[in-house]
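I have placed the structure first, in the form of structure tokens, so that the comments after it can refer back to it.
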Amino acid sequence: MANKAYLLLGTNLGDRAKHLEAARTGLSRTAGTVTELSSVYETAAWGITEQPVFWNQVVVLDTELPPEVLLAAILAIEQSLGRERDQRWGARTLDVDILYYNDQVIQSPSLSVPHPEIANRRFTLAPLAEIAPDFLHPVRRLTQRQLLDACPDPLPVRRIEA
């Protein structure tokens, strides 16, 4: 049986539409089947605000890969699109975060699932609530819609036609 992973794609350098498409294609080729995708959202940069705006999208991936192997596949996709990790929260061609993996709670040196910042990031919750409003956070026991409604992040998030 396939596992269901919710992934956040983000990009703010270069051809953002092309990077999101390449991420979805790379995931389909190496990690599983993309079964759902949210709209694309333009979002203000979070963390380091003096950088170009991001385009973000949540995808649902049906995968046979265990979480750590999925993470390795994601890192390879990021690297193939020129991702450089020289500054935390810095500008990037592509960032892919594992938000949820089924309803599992995973804590390892390299991976925390659910993503620890979900409840604090409107740019994550807006696309999540669009495609999975009733999905229950396995620790907080709140739906994505409830998390979005309570999100303290004031940064603007705008759905766009990409």
Side-chain angles (χ1 to χ4, degrees), residues 1-43 45-47 52-86 88-119 121-138 144 147-148 157-162:
M1 183 173 117
N3 299 290
K4 186 178 279 197
Y6 291 84
L7 309 176
L8 176 68
L9 315 179
T11 175
N12 74 335
L13 291 178
D15 186 335
R16 295 171 293 182
K18 181 180 171 185
H19 294 318
L20 292 176
E21 180 181 352
R24 293 187 306 265
T25 300
L27 288 166
S28 294
R29 286 186 181 144
T30 64
T33 303
V34 175
T35 59
E36 295 179 65
L37 50 113
S38 73
S39 301
V40 175
Y41 290 78
E42 182 178 86
T43 65
W46 192 91
V53 296
F54 277 83
W55 281 12
N56 289 295
Q57 182 176 47
V58 168
V59 300
V60 178
L61 183 74
D62 282 354
T63 183
E64 298 293 333
L65 301 179
E68 298 282 350
V69 178
L70 175 59
L71 178 61
I74 286 168
L75 294 174
I77 293 166
E78 289 178 347
Q79 188 173 18
S80 75
L81 290 172
R83 171 74 190 264
E84 295 179 11
R85 294 180 178 272
D86 53 357
R88 185 174 189 194
W89 299 321
R92 61 205 79 164
T93 52
L94 180 66
D95 184 39
V96 180
D97 290 333
I98 301 173
L99 302 174
Y100 296 109
Y101 187 91
N102 299 319
D103 61 354
Q104 294 182 21
V105 177
I106 303 163
Q107 290 295 325
S108 75
S110 60
L111 185 60
S112 293
V113 176
H115 191 288
E117 292 296 330
I118 286 175
R121 294 179 174 173
R122 188 168 304 282
F123 67 86
T124 301
L125 289 168
L128 255 174
E130 176 190 336
I131 62 172
D134 299 321
F135 183 80
L136 201 61
H137 189 292
Q144 302 315 292
L147 289 171
L148 178 59
V157 175
R158 180 178 68 90
R159 189 183 325 203
I160 61 171
E161 300 297 323

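- Rounded to the nearest 0.5 angstrom, L61 CG and T35 OG1 are separated by 7.5 Å.
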Test side chain to side chain contact (heavy atoms under 4.5 Å, CB included) applied to Q104 and V113, step by step | CA-CA 7 Å; Q104 294 182 21; V113 176; 5.7 Å; no

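- Minimum interatomic distance between Y101 and A5 (heavy atoms only, all atoms of both residues): CD1-CB, 4.2 Å.
- Of the inter-residue distances, the one linking L128 atom CG with I118 atom CD1 reads 6.0 Å to the nearest 0.5 angstrom.
- Y41 pairs with exactly one of Q57, R158, E130 by the side chain to side chain contact (heavy atoms under 4.5 Å, CB included) rule, that one being E130.
- For T63 (side chain) and G32 (main-chain N/O), no donor-acceptor pair under 3.5 Å exists by modelled atom type.
- Considering all non-hydrogen atoms of both residues, L65 and T30 come closest at CD1-O, 3.8 Å.
- Proximity of S112 to I106: side-chain heavy atoms (C-beta onward) are nowhere separated by under 4.5 Å.
- Rounded to the nearest 0.5 angstrom, N56 CG and E42 CD are separated by 10.0 Å.
- The CG atom of L99 sits 9.5 Å away from atom NE2 of H137, with the distance rounded to the nearest 0.5 Å.
- The two residues G10 and L20 make their nearest non-hydrogen contact at N-CD2, 4.4 Å.
- In this model, no donor atom of one side chain and acceptor atom of the other lie less than 3.5 Å apart for Q144 and Y6.
- Residues I98 and L111 approach most closely at CD1-CD1, 4.0 Å, considering heavy atoms.
- Within the 3.5 Å criterion, the main-chain N or O of G14 finds no donor-acceptor partner in the side chain of H19.
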Decide yes or no on side chain to side chain contact (heavy atoms under 4.5 Å, CB included) for H115 and T124, but give the supporting numbers first.
-> CA-CA 10 Å; H115 191 288; T124 301; over 6 Å; no

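- To the nearest 0.5 Å, atom CD1 of residue I77 and atom CZ of residue R29 are 10.0 Å apart.
- No hydrogens or angles considered: a donor-acceptor pair under 3.5 Å links the side chains of E68 and S110.
- Nearest heavy-atom pair across P52 and A45 is O-CB, 4.2 Å.
- Rounded to the nearest 0.5 Å, atoms CG (L7) and CG (L70) are 6.0 Å apart.
- By the 4.5 Å heavy-atom criterion applied to side chains, V53 and N12 are not counted as neighbours.
- Residues L136 and D103 have side chains not in contact (no heavy-atom distance under 4.5 Å, counting atoms from C-beta outward).
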Kindly determine whether L27 and L9 satisfy side chain to side chain contact (heavy atoms under 4.5 Å, CB included), including the steps that lead there.
-> CA-CA 11 Å; L27 288 166; L9 315 179; 4.2 Å; yes

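- Of all heavy-atom pairs between A2 and D62, the closest is CB-CB, 4.0 Å.
- When ring centroids are compared, Y100 and F135 come within the 6.0 Å threshold.
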